[in-house]
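The model shown is predicted, which means the values in this text are computed figures rather than measured ones.
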Amino acid sequence: MTLINASFRHAGAQQLAQSLQAARQDTLSLFDCYVTAGLDVVAGMPRHSRLTPPLWQLAQIAWFAEWFILREAATSHPADAIYNSLLTRGDDLFDANMVEHRARWKLELPSPGAVKTYCREVLDRVLDKLSREANVDSALAPYRLALAHEDLCGEEMLAGLQWLGLEAPESLSASPALPPGAGEIAFPGGTIELGSPRGTGFAFDNESPPYSCYVAPFSIDACAVSNAQYADFVADGGYQNRQFWSAAGSAWLMQQERSSPLYWLREATQWRTMRFGQRTTLPPNEAVRHINLFEAQAYCAWAGRRLATEAEWEYAALSGHPRFHWGQVWEWTATPFEPYPGFAVDAWREYSAPYFMQYQVLRGAAFATPPRLHSARMRAFHAPERGDVFAGLRTCAW
C-alpha cells in the first residue's frame, strides 16, 4: 500500500503532505470534468438539492482548509478564526454554515481562474506550515480534518457527475467486481467495543466515545448484494409487490413510480445502466449501487433476510474473517443515525449533530472512497430516500 493510500487517521506530516496533494489533484480532475461540460460557471449549473455548484465546492474545500489550518480556528463557529481569510469576502461566500444550499447559485463568486489561484495559494501555505509542525496528534489534527473533508467532497463531486450524466476520470470511477461464491458467514456474537477512542489519532465525532455493546449470534453475507442478485428481485416483481415495502418505502415508491434502481435501463432481455454519461451493460458480479434505504429494506424482505445493525457490521468487519469483503459500496444498515452515549461535538460542529434522528447509518466505503479514508469504524449517514450516492446493501439473519 502506498503512503497516500494508508489510513490518514494516524498519518504523520510526510504522509499528510503527499495525501493533501493527491487529494487536490483528484479534486481538480473532477472539477475539470465540469469545466468540459461548461458547468464551471454557476449560471449554467442545474439547481437541485442533490447538487452543489462545482465552482463553489472547489473554493469551499480550500476555504475549509484555510479556516482550520491557516486561520487556526478551534471550531467551525463563525467567530473562532484567529486570522482573516486570503479572500476579501471569503467567509460570506464559502462558510457553509452561513450560506444555505439554495443560495449558492445566487452568489457573485470569483472567476474559475481566481478560485484555482486561491486553492493553489492555500495548499502551498498549508504544506509550508505542515513542514514545520510537531509530529503529534494535536498539531496534525486540523490537517487530517481538512484531508477528510476534501476526500468526502470529492466523492460528492463524483456522484454529481453521475447524476448529470457527465464523463468522470477513469481513475476515480472504476469499480471492482465482487469475489465469486462468497456465501455467508456465521458469527457467535459477544460483547464488543463499538466506536473509536478520542485522543488516539483522528476519529469523526459520531464515532466517539466508544462503548460496550452486546451482539447476539448472527449470520451475514460475506460481501455486498450483486447486480445479478438484485435483478432477481426486480424480475420477481419486487417493485410491484407492496408486501415487501415499509409504509415510508411505499410512499416513496408511489411518488417515484420506480420499477428498478436508479440508472438501470431495460433493453430487450438484458439490463443496461448509465455510467457517467455512457450506456453500458450492467455487470452482474458488481455490487448493486444507487440503492436507497427503502429499496434495501424491500430486497431484504423479499429474500427473507434483514439489514445488519451497525454493531453487527462492525463486529464482522473487525473480526478479521478472510471472506468478509467490503469497500465496493457504502452499505445501508438497520440503525438510525444517533449519537453514541456521551457524544460530544467536535471541531467541525456541523458534521454530525444536525442529522441525528433524521438519517440512517451506512457502513463500509465505496469504490469512490479514497482507500486512506476506509475504516471499519466510520459511520456514514444519509437520508433514507437518497439513491444518488454510491450505496448498496448486504443481508443478515439471526
What do you reckon, is [atom1] of [X] surrounded by more than 12 foreign heavy atoms closer than 6.0 Å?
X: Glu267; atom1: CD; answer: yes
X: Gln278; atom1: CD; answer: no
X: Met254; atom1: CE; answer: no
X: Glu257; atom1: CD; answer: no
X: Tyr355; atom1: OH; answer: no
X: Asn84; atom1: CG; answer: no
X: Gln256; atom1: CD; answer: yes

Side chains of [X] and [Y]: do they bring a donor and an acceptor to under 3.5 Å?
X: Glu310; Y: Thr335; value: no
X: Glu350; Y: Ser76; value: yes
X: Thr281; Y: Arg272; value: yes
X: Tyr299; Y: Gln229; value: no
X: Thr2; Y: Asn5; value: yes
X: Ser219; Y: Glu184; value: yes
X: Gln328; Y: Ser175; value: no
X: Ser226; Y: Asn285; value: no
X: Tyr83; Y: Glu66; value: no
X: Glu331; Y: Trp326; value: no

To the nearest 0.5 Å, what is the distance between [atom1] on [X] and [atom2] on [Y]?
X: Cys33; Y: Leu161; atom1: SG; atom2: CG; answer: 5.5 Å
X: Arg50; Y: Asp388; atom1: CZ; atom2: CG; answer: 5.0 Å
X: Leu3; Y: Gln14; atom1: CG; atom2: CD; answer: 5.5 Å
X: Glu150; Y: Thr27; atom1: CD; atom2: OG1; answer: 3.5 Å
X: Ser173; Y: Phe367; atom1: OG; atom2: CZ; answer: 7.0 Å
X: Trp332; Y: Phe294; atom1: CH2; atom2: CZ; answer: 8.5 Å

So do the side chains of [X] and [Y] get within less than 4.5 Å of each other, counting heavy atoms only?
X: Trp264; Y: Met274; value: no
X: Val345; Y: Asp205; value: yes
X: Gln360; Y: Phe337; value: no
X: Leu86; Y: Val122; value: yes
X: Leu30; Y: Leu172; value: yes

Is the backbone N or O of [Y] less than 3.5 Å from a side-chain atom of [X], with the two atoms forming a donor-acceptor pair by type?
X: Arg306; Y: Thr395; answer: no
X: His290; Y: Ala391; answer: no
X: Ser29; Y: Asp26; answer: yes
X: Glu314; Y: Ala311; answer: no
X: Arg24; Y: Cys119; answer: yes
X: Ser196; Y: Ala203; answer: no
X: Gln21; Y: Ala17; answer: yes
X: Asn292; Y: Glu295; answer: yes

Pair [X] + [Y], salt bridge at N-O below 4.0 Å:
X: Glu72; Y: Lys129; answer: yes
X: Glu338; Y: Arg379; answer: no
X: Arg144; Y: Asp137; answer: yes
X: Arg89; Y: Asp95; answer: no
X: Asp128; Y: Arg132; answer: yes
X: Asp80; Y: Arg71; answer: no

* To do: Kindly indicate, with the supporting measurements, whether the criterion side-chain hydrogen bond (donor to acceptor under 3.5 Å, both in side chains) is fulfilled by Glu155 and Thr369.
  => CA-CA 6 Å; Glu155 188 166 335; Thr369 311; 2.7 Å; yes
Kindly assign one of parallel, tilted or perpendicular to the pair [X] and [Y], based on the angle between their ring planes and the thresholds 30° and 60°.
X: Phe187; Y: Tyr315; answer: perpendicular
X: Tyr351; Y: Phe381; answer: perpendicular
X: Tyr230; Y: Tyr239; answer: perpendicular

* To do: Test Phe233 against Trp302 for ring-ring contact (aromatic ring centres under 6.0 Å, His included), laying out the working first.
  => CA-CA 7 Å; Phe233 165 64; Trp302 169 81; 5.6 Å; yes
* Asked: What closest approach, in Å, do Asp92 and Val99 show between heavy atoms, and which atom pair accounts for it?
  ->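 Smallest interatomic distance, heavy atoms only, reads O-CG2, 3.1 Å.
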* Asked: Regarding Arg394 and the six-membered ring of Phe324, is the cationic atom NZ or CZ under 6.0 Å from the ring centre and inside 45° of its axis?
  ->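 The answer is yes; both the distance and angle limits are met.
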* **Worked verdict on Arg363 versus Glu312 for salt bridge (charged side-chain N to carboxylate O under 4.0 Å, His left out)** => CA-CA 11 Å; Arg363 286 304 196 104; Glu312 289 170 330; over 6 Å; no
* **Stepwise ring-ring contact (aromatic ring centres under 6.0 Å, His included) check, His382 with Trp330** => CA-CA 11 Å; His382 282 293; Trp330 292 101; 8.1 Å; no
Determine all donor-acceptor pairs shorter than 3.5 Å in which one atom belongs to a side chain in residues 53-65; sequence neighbours excluded.
unit_1 : atom_1 : unit_2 : atom_2 : d
Trp56  : NE1    : Leu93  : O      : 2.8
Gln60  : OE1    : His149 : NE2    : 3.2
Trp63  : NE1    : Asp91  : OD1    : 2.9

* Given Arg289 and Tyr263, is the side-chain contact (heavy atoms from CB on, under 4.5 Å) satisfied, shown in steps? -> CA-CA 9 Å; Arg289 67 171 84 163; Tyr263 307 124; over 6 Å; no
* Decide yes or no on side-chain contact (heavy atoms from CB on, under 4.5 Å) for Arg377 and Leu318, but give the supporting numbers first. => CA-CA 9 Å; Arg377 303 209 186 263; Leu318 292 175; 3.5 Å; yes
* **Stepwise side-chain contact (heavy atoms from CB on, under 4.5 Å) test for Val288 and Val329** => CA-CA 8 Å; Val288 65; Val329 288; over 6 Å; no
